[in-house]
Amino acid sequence: MASSNLYSILVILAIFAPSILATDYVVGDDKGWTINFDYQAWAQGKLFYVGDNLVFNYPKGAHSVLKVNGTGFQQCAAPLDSVPLTSGKDVINLATPGRKWYICGVGQHCELRNQKLVITVLPSSSSSAPSSSPSSWPSATAGPGPSTSAATTVGTRFALIMLLTFGFLWMLMA
C-alpha cells in the first residue's frame, strides 16, 4: 500500500513538475508589446526554456505578432502564408529549442519603430542535452545569444524538482 502511494506521488510529480517550473515572460514587462522599445535589451540576461511562454500584451487592433525566420526578422517581412496573432493578449508556448524571431506586422512598426524580438530557447532541464554546446549555437546580428549561466539555471531547476520530490517523500513517511 505504501509503495503504491509513493508510486502515485512520483507519477504526479513527473507530470506536473515541468509545468510548475515553466515561466511566463510578459514581453516588454509593464510596457508590453509596443513601438520604440528595445526588446533585445529586455531579453538580455533572460533564459528561455522549452515549456516557457511568451505573453504579448497590447491594445487589440494596435499591433500584431508574427513568428518569422531570421531573414524575415532582418527584413521585417513575414511569409505570405503566415497568420498574425491579434488578440491583444497572445500567448506563445516555446515548444522547441533554438532561435525564435517575432515581429509586429502592423504598418511599419517593425521597420521604423523597432517592434521585433529575437530570443534563444534552451532545452528544458528534463529533456536531453543539445547536440552542440550553447556557446557554439549560431548567433544573429540582432539580439543576445544564450547565457553561460544556462547550466546553472538548469541545475537549479533540477535541484528544485529533487527538493520537491524529497519533500513529498518526507511528508509521506512522517
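What's counted below: heavy atoms across the whole structure, side chains too, no hydrogens, waters or symmetry copies.
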Strictly by disulfide bond (SG atoms under 2.5 Å apart), give each pair with a member in residues 28-92 just once, sequence neighbours left out.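 Sorted result for residues 28-92: Cys76-Cys110.
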If two hydrophobic side chains count as joined below 4.5 Å and joins carry through other members, does Leu85 share a cluster with Val55?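 No.
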Shared hydrophobic cluster for Trp42 and Val26 (ILVMFWY, side-chain gaps under 4.5 Å): no
Heavy-atom pair of closest approach, residues [X] and [Y]:
{"X": "Gln40", "Y": "Val118", "result": "OE1-N, 3.1 Å"}
{"X": "Lys100", "Y": "Pro97", "result": "NZ-O, 3.8 Å"}
{"X": "Thr86", "Y": "Lys60", "result": "O-CG, 3.5 Å"}
{"X": "Ile119", "Y": "Phe48", "result": "CG2-CE1, 3.6 Å"}

Nearest 0.5 Å, please: how far is [atom2] in [Y] from [atom1] in [X]?
{"X": "Leu66", "Y": "Lys116", "atom1": "CG", "atom2": "NZ", "result": "13.5 Å"}
{"X": "Ile92", "Y": "Asn53", "atom1": "CD1", "atom2": "CG", "result": "9.5 Å"}
{"X": "Arg113", "Y": "Glu111", "atom1": "CZ", "atom2": "CD", "result": "11.5 Å"}
{"X": "Ile103", "Y": "Gln75", "atom1": "CD1", "atom2": "CD", "result": "10.0 Å"}

Taking ring-ring contact (aromatic ring centres under 6.0 Å, His included) as the test, write out the residues that go with Tyr102, two or more places apart.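 If we apply the ring-ring contact (aromatic ring centres under 6.0 Å, His included) test to Tyr102, skipping adjacent residues, the hits are Phe56.
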Can you name the ring-ring contact (aromatic ring centres under 6.0 Å, His included) partners of Phe37, sequence neighbours left out?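 Phe37 satisfies ring-ring contact (aromatic ring centres under 6.0 Å, His included) with Tyr39 only.
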With Asp90, which of Val65, Leu54, Val27 fulfils side chain to side chain contact (heavy atoms under 4.5 Å, CB included)? Val65
Which of these passes side chain to side chain contact (heavy atoms under 4.5 Å, CB included) with Val50: Leu94, Val121, Asn93? Val121
Using side-chain heavy atoms (C-beta onward) and a distance below 4.5 Å, is [X] in contact with [Y]?
{"X": "Tyr58", "Y": "Thr34", "answer": "no"}
{"X": "His63", "Y": "Ile35", "answer": "yes"}
{"X": "Gln115", "Y": "Trp33", "answer": "yes"}

